[in-house]
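Read the structure below first, then the notes.
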Amino acid sequence: MKAQQPIRLIDQTKLLRDFPPSSHYLIGVSGGRDSIALLNLLLALGYKKLVVCHLNHQLRGAASRADARFVEKVARTLGLNCEIGSAEVGAMAKRSKLSIETAARFARLAFFVEIARHRRCSRIFLAHHADDLVETALLNLFRGASPGGVAALRRVSVYRIGKTKLTIIRPLLAIWRKEIDAYIRQQRLAFREDQTNARLDSSRNRIRHRILPYIEKTFGRDVRKAIRRTAVIWADEETVLDSMLPGAGARLEVGSLRELSVALQRRALLRWLRHRETSNITFELVESIRALLEPSSLTAKVNLPGNRHVRRQANKIFIEG
């Protein structure tokens with residue numbers, strides 16, 4: 001695979017300014033067209049200090065192992081360092097009562113954070129694109145997410161596990177799948193095709209192949225751009241709202257939280273729970289914890305997943321267990 005001059009898929013000026021090519025970066029590479037296109041684009045822009053990261057989810061047997069070998073070969077051909085990991089995502093999903101997609105996302109992030117620690121490299125490129133943003137927005141909307149949850153994919157975001165902070169960079173987030181397909185053809189890039197992308201047994205695939213085409217047929221126009229625009233607007237507004245939140249330590253001050261509006265209380269609790277590595281955060285869970293702020297509340301404990309609890313004691317809210 002040769003790094004040729006890219007067609008204009010990326011806002012190169014902003015990317016090069018914010019993330020200089022002379023620095024070290026991780027890049028998530030599944031072997032599919034999106035991540036292979038991003039890898040080729042970054043190389044063409046001068047990003048030579050990349051560590052290719054691939055996680056075998058063990059969901060497709062021999063095909064998953066072949067994906068890992070393909071990515072390893074691509075990295076070796078390009079003279080790049082490569083980290084290959086493996087996780088039994090199916091067993092993880094069953095054990096944690098999560099969807100396969102959610103379990104896979106958690107497994108990937110944990111793998112990337114592990115490599116970030118090992119390589120002492122806190123920034124990673126991922127190949128999410130505009131269609132991913134639209135599908136994720138609808139998926140989260142149907143689950144009852146807030147505007148922040150609907151706008152979950154951002155150009156730059158930060159993920160934390162323990163003391164490790166990982167900055168995620170998504171240069172293709174404004175680029176549509178058809179544009180990436182055209183680039184792949186133009187550059188004649190080899191990639192791996194995941195046959196499960198065409199199956200309808202996952203919520204994301206049903207949104208991609210059934211729901212979005214039906215909505216577009218009903219309205220007689222391409223609604224993807226409108227959904228993407230809404231998600232981008234909400235993401236920008238989320239940034240402003242997040243800046244209004246007080247700092248969150250291991251313990252929260254009940255008095256300080258009471259002074260916030262209901263919307264900011266929910267946001268502060270959501271951020272706090274995420275930083276405490278809480279899974280399956282629901283609206284009902286946040287509301288139950290928010291009820292602890294009331295002076296008249298008779299409840300002093302709220303159960304969390306994983307046999308943990310949120311407690312209120314001496315004007316503090318904290319997690320134990």
Side-chain angles (χ1 to χ4, degrees), residues 1-57 67-87 104-129 132 152-175 180 183-184 187 189-192 239 275 277:
M1 183 175 67
K2 296 181 179 180
Q4 305 175 34
Q5 278 299 313
I7 56 178
R8 291 191 174 276
L9 285 186
I10 295 177
D11 183 348
Q12 299 176 26
T13 302
K14 185 173 179 59
L15 181 68
L16 296 172
R17 182 193 68 215
D18 295 345
F19 303 101
S22 57
S23 298
H24 289 83
Y25 300 91
L26 308 179
I27 177 171
V29 180
S30 67
R33 67 186 70 207
D34 306 332
S35 59
I36 290 296
L38 177 60
L39 177 59
N40 196 68
L41 281 162
L42 291 175
L43 289 171
L45 291 172
Y47 290 87
K48 306 299 183 184
K49 299 177 181 178
L50 297 172
V51 178
V52 172
C53 303
H54 175 88
L55 181 67
N56 178 355
H57 298 83
D67 289 347
R69 290 194 298 270
F70 172 78
V71 171
E72 198 168 22
K73 181 179 179 182
V74 167
R76 185 169 59 250
T77 300
L78 295 170
L80 299 175
N81 290 319
C82 184
E83 296 278 359
I84 304 291
S86 184
R105 184 174 70 252
F106 285 157
R108 283 194 301 274
L109 285 170
F111 170 65
F112 294 150
V113 167
E114 179 186 344
I115 301 305
R117 287 196 196 109
H118 172 64
R119 291 280 180 173
R120 296 183 179 180
C121 181
S122 62
R123 294 180 291 188
I124 184 168
F125 288 109
L126 296 182
H128 295 115
H129 49 71
D132 290 326
L153 294 182
R154 306 188 190 186
R155 178 180 172 271
V156 180
S157 57
V158 175
Y159 185 81
R160 291 179 176 85
I161 292 184
K163 296 181 180 179
T164 303
K165 182 178 77 171
L166 184 64
T167 299
I168 299 173
I169 312 154
R170 299 181 175 94
L172 301 180
L173 207 54
I175 307 306
I180 294 173
Y183 176 75
I184 286 285
Q187 303 294 308
L189 300 177
F191 61 90
R192 293 281 297 174
T239 302
H275 286 183
E277 300 177 29

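Bear in mind that the values here come from a model prediction, so they are computed numbers and not experimental data. Hydrogens, waters and symmetry mates play no part in the numbers below; they use all other heavy atoms, side chains included.
Listed by chain and number, the residues in a salt bridge (Lys or Arg N to Asp or Glu O under 4.0 Å) with R117 amount to none (sequence neighbours excluded). Applying the salt bridge (Lys or Arg N to Asp or Glu O under 4.0 Å) criterion to D34, with sequence neighbours excluded, gives no partner residue.
The NE2 atom of H57 sits 9.5 Å away from atom CZ of F111, with the distance rounded to the nearest 0.5 Å. N56 CG to R69 CZ: the interatomic distance, rounded to the nearest 0.5 Å, is 10.0 Å. Between L109 atom CG and F112 atom CZ the span is 7.0 Å, to the nearest 0.5 Å. If you take CG on L172 and CZ on R155, they are separated by 11.0 Å, rounding to the nearest 0.5 Å. In this structure, the separation between CD1 on I168 and NE2 on H128 is 8.0 Å, given to the nearest 0.5 Å. Taking OH of Y183 as the start and CG of L189 as the end, the distance is 6.0 Å to the nearest 0.5 Å.
Aromatic rings of F125 and Y47 (six-membered ring for Trp) have centroids within the 6.0 Å cut-off, being under it.
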Given side-chain hydrogen bond (donor to acceptor under 3.5 Å, both in side chains), test R192 with S30 step by step and report yes or no.
CA-CA 8 Å; R192 293 281 297 174; S30 67; over 6 Å; no
As a quick check of understanding, evaluate side chain to side chain contact (heavy atoms under 4.5 Å, CB included) for L173 and L153, giving each step before the final call.
CA-CA 8 Å; L173 207 54; L153 294 182; 4.3 Å; yes
All N/O donor-acceptor pairs, side-chain side in residues 17-27, below 3.5 Å, sequence neighbours left out:
residue, atom, partner, partner atom, Å
S23, OG, R123, NH2, 3.4
Y25, OH, F19, O, 3.3
Y25, OH, P20, O, 2.7

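Between the side chain of R33 and the backbone N or O of I180 there is no donor-acceptor pair closer than 3.5 Å. Although no hydrogens or angles enter the test, the distance criterion places a donor-acceptor pair under 3.5 Å between the side chain of H54 and the main chain of V29. Checked by atom type and distance alone, the side chain of K48 pairs as donor or acceptor with a backbone atom of L43 at under 3.5 Å. Without hydrogens or angle criteria, N40 side chain to A37 main chain gives no donor-acceptor distance under 3.5 Å.
Annotation for S35 and G28: closest pair CB-O, 3.6 Å, computed over non-hydrogen atoms. Of all the heavy atoms in L126 and P171, the pair that sits closest is O-CD, 3.7 Å. Heavy-atom minimum distance, L166 versus C121: CD1-O, 4.4 Å.
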